[in-house]
Peer 1: 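Structure below; questions to follow.
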Amino acid sequence: MAKFHNYYVLCPLIDQKSFLGVSKDKEDANVLVTLGRNVVNKYRLSDQKQVGGWTSKDHITSAVIYDDTNGNYIGVFNNNIIKTWQEDSANLDKSKKFKFSLNILKLLPRKKRSPLIIFSDGNCSSLSYAIENRKSFENKPVFKETETIVDISYYGKYSDCICYITKSNKDTFDIVTCPLREELCDLERTKLNRTKILRDDVNVVGKIICMETNCVYVIWSDSKMSEYNLVQKSWRIIGTVSWISTASSISLAWMGKNHLILFGSNMDQDGAIIVAYNTTLGVGSCKYPMKMYTENARIYCFDNRICLEASNHIGMLPYILETKRNLSSLLGSHEVILDEETEIANWGTPTIPLFPVDDQIKGLLKLGLTERSICAQIIPNLLEKGDFVNIMCTIRKFSDIPESVLVSILKYAVKLVQSENVDITKPEEFHAYCREHSVTEKEKFRFLIDTFTITFSDALVIPHLRNGLTLEDTLFLIAYITYLLVDPGIDLNLEYESKLYDWCMLLLDSFYQQYLLTRDDTVTHVLQNMLNVIIDLIKPLENMSLLLAKMQNLVMGKNFVFKTEKQLSYTIESIII
């Protein structure tokens, strides 16, 4: 789920018509804002301060980017000139420049690789190759004169492909994809593919190419959101977009973690609204009202902040994407809309799975069983055989595992690491046992660590935990999770750490009666150790909360007044006569 904070202004906008865009800087905390035809500024997102900038006599015609392969800033000038410069350059007019015979549309930065240069006729190449061959670089145009490129991006996990969204003079849109040759990064024209963006009686009001998911997202005038998979070349309807009007254009950007950000007019057409849309659930998860609507406004997401082009400024809206499993924040917030559109079945679809599976799973798939049913039949048999490597490979093929099977896997994982051979009341011995072991033993502990990542329902798993695990198993799991949280040699990401806290709470809730009624020293030691760890983790947060007010005053430019003596607000004295 997404949450928005307060909206504020990053910088004023010189001229909306000449604004060229926002791009990433070498530090994630900074962005490059190409404000006009002659001005490029660098801003720090945390305090909205300008930390750098350049001006030029030549007209800038595309957003300036940062090339991390050479550590240079690159810009397009007068439509056909590339200039590169360093951060400490004072005069862009003296920067090194390269003139091309073709007009340049834009530059696409790529991580640890040479940027892509996109020409106005649709051709592209790696920037390094294009500069070396700029005098002889000429190709036939990719698109007709009646077509205009409205969006472009690259995608692909193993080999780069380019994707264009084009608009014809008849207001129809096409998706054009083509692989790039590895060495030159130019188009393999023989593999160029074109797909029409078309539905009956509706028109396109918003679109975006998402390189993170290899998909194109399209919003239609009937509020439906569609997804075109660039790899599988297939369409699907995600759901209906609520809260936002589709009577005017909608701007889109990718937030991350299955979320799109949408900016458009509100339902009453008297203002604007920003909506966070969950592409997995097909619903809006958060909204933020705005006073002014800007048609075809450009919108970006950098470092958990939304950068929005407004009428006279560049705005910023910080956000948080939560990874919790519960959907309580969405209950009752969306109107149920019946989709009465007829879907034509393709009876020629093959029954053979499109992903690699073994013969046993393939046979159950043909019977039409659900994932939970298939998993409940296969995993217990594998647990009896004891091949933990094969078990984990099989588990990774499922996304919906029954809670009863999950507890069986957890029970097997505890037995696999031989938890009965270590005394969990001795911290040094226990940490050494968890840390120092052979390659095979490491794989067994990795099996236990991966088990904690399996998704489950709290309400459904608690009864199975009570029946499937013993108190000794639970104490070992709590001790091991505590070890994972404090061991400096283990790098935990935020999502996995949140899962560990969830497991701690589940194990406490499932066996709380045993903890209260048992007067065992082991129970006391494990619970007290976990409490000490939680207190140590909370202390930095408490210290930070005390500093937040002072930090806010510092950001606002207010002076501190340090009190050297402790002052009392008032005193009471009793005089007895």
Side-chain angles (χ1 to χ4, degrees), residues 2 122 143 147-156 161-178 192-265 267 272-285 287 293-301 306 308 334 337 339-344:
F143 305 110
E147 290 182 293
T148 305
I149 300 174
V150 296
D151 196 7
I152 183 171
S153 182
Y154 67 91
Y155 69 97
C161 299
I162 200 78
C163 177
Y164 306 86
I165 296 180
T166 63
K167 182 181 181 181
S168 69
N169 55 1
K170 297 181 180 179
D171 290 337
T172 60
F173 294 88
D174 288 351
I175 299 173
V176 181
T177 59
C178 186
L192 191 140
N193 181 72
R194 183 182 290 266
T195 303
K196 289 190 175 295
I197 304 178
L198 184 65
R199 284 180 62 212
D200 295 335
D201 302 326
V202 291
N203 58 285
V204 177
V205 295
K207 63 279 176 188
I208 183 178
I209 304 170
C210 183
M211 58 182 293
E212 287 83 358
T213 60
N214 297 332
C215 292
V216 175
Y217 296 96
V218 178
I219 304 178
W220 305 89
S221 55
D222 62 350
S223 298
K224 295 292 179 61
M225 173 77 77
S226 295
E227 176 191 81
Y228 178 74
N229 192 300
L230 294 170
V231 178
Q232 300 177 1
K233 294 181 171 33
S234 60
W235 285 97
R236 77 179 182 96
I237 299 292
I238 296 177
T240 302
V241 180
S242 57
W243 300 328
I244 195 167
S245 172
T246 54
S248 53
S249 64
I250 297 176
S251 304
L252 294 90
W254 180 252
M255 296 178 70
K257 297 181 180 177
N258 302 320
H259 273 79
L260 284 169
I261 193 72
L262 286 68
F263 172 77
S265 177
M267 299 300 291
I273 192 169
I274 296 177
V275 175
Y277 187 80
N278 190 310
T279 58
T280 301
L281 303 176
V283 294
S285 61
K287 60 183 177 179
Y293 166 71
T294 304
E295 189 173 5
N296 296 318
R298 275 165 282 197
I299 189 169
Y300 312 86
C301 291
I306 299 167
L308 174 66
H334 289 78
I337 300 176
D339 188 0
E340 299 178 354
E341 182 178 342
T342 303
E343 184 175 345
I344 301 176

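Residue numbers run from 1 in the order of the sequence given. The model shown is predicted, which means the values in this text are computed figures rather than measured ones.
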Peer 1: Does any pair with a residue in residues 228-248 pass salt bridge (charged side-chain N to carboxylate O under 4.0 Å, His left out), and if so which ones, sequence neighbours excluded?
Peer 2: Glu227-Arg236
Peer 1: I need the Tyr228 OH to Ile175 CD1 distance, nearest 0.5 Å.
Peer 2: 6.0 Å
Peer 1: Are any of the side-chain heavy atoms of Arg194 and Thr166 separated by less than 4.5 Å?
Peer 2: yes
Peer 1: If only side-chain N and O atoms count, and only distance matters, is there a donor-acceptor pair under 3.5 Å linking Ser285 with Asn278?
Peer 2: no
Peer 1: Out of curiosity, Ile165 CD1 to Ile152 CD1, how far, rounded to the nearest 0.5 Å?
Peer 2: 10.5 Å
Peer 1: Would you indicate whether the side-chain heavy atoms of Val218 and Trp235 approach each other to under 4.5 Å?
Peer 2: yes
Peer 1: Do Tyr293 and Ser249 touch side chain to side chain, with heavy atoms closer than 4.5 Å?
Peer 2: yes
Peer 1: What's the separation between atom CD in Glu147 and atom OG1 in Thr172, rounded to the nearest 0.5 Å?
Peer 2: 8.0 Å
Peer 1: Where do Ile244 and Gly264 come nearest, in terms of heavy atoms and distance?
Peer 2: CD1-N, 3.4 Å
Peer 1: Main chain of Arg298, side chain of Ser251: is a donor-acceptor contact present, judged purely on distance under 3.5 Å?
Peer 2: no
Peer 1: When you compare the side chain of Cys163 with that of Val216, does any pair of heavy atoms fall below 4.5 Å?
Peer 2: yes
Peer 1: Within this structure, what is the CG-CD1 distance for the pair Leu262 and Ile299, rounded to the nearest 0.5 Å?
Peer 2: 8.0 Å
Peer 1: What pair of heavy atoms forms the shortest contact from Ala272 to Phe263, and how long is it?
Peer 2: CB-CE1, 3.7 Å
Peer 1: Look only at the side chain of Tyr164 and the backbone of Gly122, and say whether a donor-acceptor pair between them is shorter than 3.5 Å.
Peer 2: yes
Peer 1: Kindly indicate whether the side chain of Met225, heavy atoms from C-beta on, has any atom under 4.5 Å from the side chain of Leu252.
Peer 2: yes
Peer 1: Answer whether the closest heavy-atom distance between the side chains of Leu260 and Trp254 falls below 4.5 Å.
Peer 2: yes
Peer 1: When the aromatic ring centroids of Tyr217 and Tyr277 are compared, is their separation below 6.0 Å?
Peer 2: no
Peer 1: Examine distances only and state if a side-chain atom of Asp222 and a backbone atom of Lys224 form a donor-acceptor pair shorter than 3.5 Å.
Peer 2: yes
Peer 1: Looking only at non-hydrogen atoms, find the nearest pair between Asn214 and Met211 and report the distance.
Peer 2: OD1-O, 3.3 Å
Peer 1: Please give me the minimum heavy-atom distance between Ile306 and Cys301, naming the atom from each residue.
Peer 2: CG1-SG, 4.1 Å
Peer 1: Output the distance between atom CD1 (Ile250) and atom NZ (Lys207), rounded to the nearest 0.5 Å.
Peer 2: 11.0 Å
Peer 1: How would you list all residue pairs meeting salt bridge (charged side-chain N to carboxylate O under 4.0 Å, His left out) that involve residues 246-255, not counting sequence neighbours?
Peer 2: none
Peer 1: With rounding to the nearest 0.5 Å, note down the distance linking OG1 in Thr177 to CG in Leu192.
Peer 2: 7.0 Å
Peer 1: Has Asn169 got more than 12 heavy atoms of other residues, nucleotides or ligands less than 6.0 Å from its CG?
Peer 2: yes
Peer 1: If you compare all heavy atoms of Leu308 against all heavy atoms of Ala297, which two are closest, and at what distance to 0.1 Å?
Peer 2: CD1-CB, 4.3 Å
Peer 1: Within the 3.5 Å criterion, strictly below it, is a donor on Ser226 or Trp220 matched to an acceptor on the partner's side chain?
Peer 2: yes
Peer 1: Please find the pair of heavy atoms, one from Ser153 and one from Ile209, that lie closest to each other, and give the distance.
Peer 2: CB-CG2, 3.7 Å
Peer 1: Do Ser221 and Asn203 have side-chain atoms, one donor and one acceptor, less than 3.5 Å apart?
Peer 2: yes
